[in-house]
Each structure stands twice: as structure tokens, then as C-alpha cells.
Amino acid sequence: MLIKRPDDLPPSEITPRPLFEGRRRFLLTAGAAVAAGGSLWRGSPSEARAAAAKLGPLAPSPLSTGESPTAYKAVTGYNNFYEFGTDKEDPAKNAGLMQVRPWTVRVEGLAAKPRSFDIDEILKLAPLEERIYRLRCVEAWSMVVPWVGFPLAALLKAVQPLGSAKYVEFVSHYDPAIMLRRPVLDWPYTEGLRLDEAMHPLTILAVGVYGEVLPNQNGAPLRLVVPWKYGFKSAKSIVAIRLTEKQPATAWNKQAPYEYGFYSNVNPEVDHPRWSQATERRIGEFRKRPTLMFNGYAEQVAHLYQGLDLRKNF
Ligand code: MTE
């Protein structure tokens with residue numbers, strides 16, 4: 001991640017002035033819509049929380065960790081979503097302007113039945129589950145997050161991947177009218193997985209957190225969650241999912257290829273070139289704890305990497 005960053009990121013750089021000035025009015029309007037029983041997908045996190053936009057019923061998953069979830073406030077207030085600013089508090093402040101309904105996701109590339117899905121269709125593809133997962137950021141902090149989602153495999157199967165498909169590329173929404181225009185990363189944000197990683201039952205598309213609709217700063221309306229990889233693999237606010245034959249380029253790898261590889265598996269034995277990955281600080285805790293191989297999911301995923309040199313394929 002960016003260690004050096006400008007101290008002042010004026011809101012005007014993220015948001016054109018009329019929009020910035022209109023934000024307060026917008027939020028008041030959104031609040032009124034919520035009070036009137038309107039869509040919660042475009043409200044601010046506090047409004048969504050206050051109105052408790054419950055997603056349910058939710059099947060508890062045996063794939064959840066038994067650890068206690070990190071506080072809601074930290075999960076939804078300490079975020080990386082660089083399109084909305086590089087400070088941890090920026091996404092919660094700025095992402096409210098993103099309209100997440102209507103929302104279409106194109107699932108394309110090497111598939112027998114490529115097509116676009118409306119977010120409401122996607123929600124009907126598979127039962128929603130609560131998946132409580134550890135999230136380990138490459139910046140050496142971690143959280144435990146009670147996501148609501150369903151296996152990515154359900155969406156991929158719906159388009160029937162061809163035998164030639166070996167990788168999956170994820171493309172995030174990018175709207176320069178409400179997002180950072182400075183090329184901190186090569187927008188739009190993109191990420192990628194090998195097809196077998198994408199089809200793994202631990203890999204989910206999340207639409208909620210804490211039993212409620214996902215707040216915009218966490219990647220509404222649809223974001224990837226891959227719990228054995230560093231957090232940056234989990235692309236937010238996805239608009240396209242592409243099946244490819246070649247390994248796709250990824251935003252952080254393009255920005256700093258020696259620091260961020262394609263795999264980005266959580267690995268305490270392979271340091272980031274500028275800092276250790278051996279320990280982490282769980283948000284809300286004081287003491288550091290050791291980082292676990294594959295973020296504690298080795299039993300389920302280590303076999304995917306048999307014979308692969310994880311120092312070279314970091
Ligand atoms: N997706 C997009 N589009 N833009 C981003 O900047 N940041 C990544 C990832 N997904 C990012 C993104 C990083 S660095 C992390 S650690 C996680 O989102 C953070 O997810 P959270 O804010 O829900 O905890």
C-alpha cells in the first residue's frame with residue numbers, strides 16, 4: 001500500500017465542487033428516502049445502520065471462524081477504497097455519493113453463456129450466508145468481518161466457463177465525477193484470481209456485512225472476499241467479471257510490481273520488501289499476534305499451491 005501520501009487531500013480533488021457542495025443536500029434527501037421506506041443502497045452508512053436494512057434469512061456457514069467479529073464501527077469506518085481517498089476515514093466520508101442501484105455486472109469472456117446480471121438477479125442466484133472471515137491487510141492490520149454473501153462459483157457456473165478459461169479478472173466501478181481523478185492507481189481498480197481459486201468454496205461475493213446491506217465504503221453493492229489472500233485482492237463495487245486465458249493485470253501489481261505479486265497469499269514467511277508480514281495487529285487489540293499461513297485457511301487452500309514456489313509467486 002502507499003506509505004507516503006500527501007497530507008492534504010482536498011475534498012475538491014475527489015469530488016467536483018457542485019457535487020461536493022450538494023453532498024449535504026443529497027444525504028438529507030437520501031435520509032428522507034430511507035425514512036419513507038425507500039432504497040437503502042444509496043444512503044450513508046449511519047442511515048443504513050439506523051434503518052437496519054437487514055438481509056435475511058441467513059444460513060450460518062460452517063466455514064466461518066469462531067473468533068469474535070471486529071466492531072461494526074471499525075469494519076465500516078476504517079477502510080481502503082482508494083477511489084474515494086487514501087485516508088482510512090475517506091471512504092466512509094465520500095462513498096455515499098456512489099449510486100448502487102440500479103447496478104449491472106457483466107460476466108463475460110471465455111464462457112458459453114456470457115451475459116449481464118442486474119444486482120437483484122445476482123441476489124437470487126444462491127442463498128445468502130453469513131461468513132465470518134479473518135481479513136488480513138498487507139499493511140499488517142487485521143479484522144474479523146461477518147460478511148453476508150454467496151460463493152462466487154454460483155455466478156461463474158451460471159455463465160458456463162469454457163475449458164480455455166484459466167483466470168478471472170474483476171473490474172471495479174470507476175466514475176471520475178465522484179472519485180479520485182489523480183492516478184494513485186491505474187483506474188479502474190482491477191484484480192484477478194486463478195479459476196480454481198475463484199471456484200473455491202471459501203471465495204465469496206459479499207453483498208452485506210453484520211447482517212445488513214453492505215455500506216458503500218465496503219464495496220457496495222457487490223465485492224469480492226478471498227479470505228486467504230491479502231485484503232487488496234478483494235475488489236469492491238464490481239461492474240465486470242471476465243474469464244480469461246492469460247493472467248490478468250492487477251492494479252497493485254501494475255503500481256509496484258516488486259511489492260505486490262499476482263498471488264498475494266497471506267504468507268508470514270515472505271516479507272513485503274519494506275516491512276515484515278510475520279505479525280499483525282488485530283484492530284481493537286493492542287498486542288501484535290503472529291500471522292498465520294494462508295491467514296489460517298491452510299487446511300482448505302494449501303493444496304492449490306502444491307509445487308509452486310511461494311517466494312517467487314508472492
Ligand atoms: N477495491 C477497490 N475498488 N479499491 C480499493 O482501493 N482496496 C483494497 C480492497 N478492495 C480497494 C479495493 C484493500 S487494500 C483492502 S485492505 C480491502 O479492499 C479493504 O476492504 P474493507 O474496507 O471492506 O475492509
Side-chain angles (χ1 to χ4, degrees), residues 1-3 5 9 14 45 48 69-95 98 100 103 105 131-149 169-176 178-180 182-193 203-210 212-241 250-256 259-261 264 266 272 277 280-284 291 295:
M1 300 296 105
L2 294 182
I3 286 299
R5 60 161 195 83
L9 182 69
I14 303 165
T70 302
Y72 178 89
K73 216 175 153 201
V75 171
T76 60
Y78 186 86
N79 301 104
N80 279 333
F81 198 164
Y82 276 35
E83 290 88 329
F84 289 109
T86 53
D87 271 353
K88 295 285 180 273
E89 299 75 26
D90 287 338
K93 274 190 239 154
N94 301 319
M98 181 169 60
V100 295
W103 191 276
V105 182
R131 291 280 184 101
I132 306 174
Y133 280 164
R134 286 180 285 275
L135 171 89
R136 170 58 160 86
C137 182
V138 74
E139 295 162 326
W141 52 264
S142 64
M143 294 189 186
V144 175
V145 185
W147 300 112
V148 179
E169 181 183 20
F170 302 86
V171 184
S172 292
H173 177 57
Y174 180 63
D175 179 358
I178 57 162
M179 291 173 170
L180 206 66
R182 201 155 43 89
V184 175
L185 292 169
D186 184 12
W187 315 120
Y189 193 98
T190 60
E191 257 307 337
L193 294 174
T203 304
I204 59 166
L205 285 170
V207 296
V209 72
Y210 265 96
E212 298 172 5
V213 166
L214 209 58
N216 284 4
Q217 63 270 29
N218 290 92
L222 189 73
R223 61 87 60 82
L224 182 66
V225 179
V226 194
W228 71 94
K229 292 180 182 275
Y230 292 115
F232 66 90
K233 294 301 280 182
S234 298
K236 294 182 169 182
S237 305
I238 294 170
V239 290
I241 298 178
T250 64
W252 282 104
N253 180 253
K254 277 197 268 181
Q255 204 263 354
E259 302 194 357
Y260 308 107
S264 306
V266 173
H272 181 281
Q277 294 292 3
E280 67 200 52
R281 197 177 72 79
R282 180 73 47 91
I283 299 294
T291 286
N295 204 20

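Whatever order the structure lists them in is the order used to number ligands and atoms, beginning at 1.
Annotation: side chain of Asp90 is not in contact with side chain of Phe81 (no heavy-atom distance under 4.5 Å).
Under a 4.0 Å criterion applied to the non-hydrogen atoms of Leu135, ligand 1 contributes the atoms 24 (O). Of all atoms in ligand 1, numbered sequentially from 1 with element shown, those under 4.0 Å from a heavy atom of Tyr82 are 5 (C), 6 (O).
Counting protein heavy atoms only, atom 18 (O) of ligand 1 is closest to Lys236 CE, 3.4 Å. Looking at atom 20 (O) of ligand 1, its nearest protein heavy atom turns out to be Arg223 NH2, 3.1 Å. Among all protein heavy atoms, the one lying closest to atom 5 (C) of ligand 1 is Tyr189 CE1, 3.3 Å. In terms of protein heavy-atom proximity, atom 7 (N) of ligand 1 is nearest to Asn80 O, 3.3 Å. Regarding atom 17 (C) of ligand 1, its nearest protein heavy-atom neighbour is Gly231 O, 3.5 Å. Looking only at protein heavy atoms, the nearest one to atom 13 (C) of ligand 1 is Phe232 CA, 3.5 Å. The protein atom (non-hydrogen) at minimum distance from atom 4 (N) of ligand 1 is Glu83 OE1, 2.8 Å.
Checked for salt-bridge contact, Arg134 and Glu280 miss the test: no charged N lies under 4.0 Å from a carboxylate O.
Taking distance alone, with nitrogen or oxygen atoms compared against 3.5 Å, Trp252 stays at or beyond that limit from ligand 1. Here's the thing with Tyr78: none of its N/O atoms is less than 3.5 angstrom from an N/O atom of ligand 1.
Using a 4.0 Å cutoff on heavy atoms, Ser234 counts as a contact of ligand 1. The closest approach between any non-hydrogen atom of Ser237 and ligand 1 is not below 4.0 Å. Distances shorter than 4.0 angstrom do not occur between any heavy atom of His173 and any atom of ligand 1.
Using bins of under 30°, 30° to 60° and over 60° for the plane-to-plane angle, the ring pair Phe232/Tyr230 lands in the parallel bin. The aromatic rings of Trp252 and Tyr82 sit perpendicular, their planes meeting at an angle over 60°, well past the 30° parallel limit.
Looking at Trp147 against ligand 1, only its side chain comes within 4.0 Å, counting heavy atoms.
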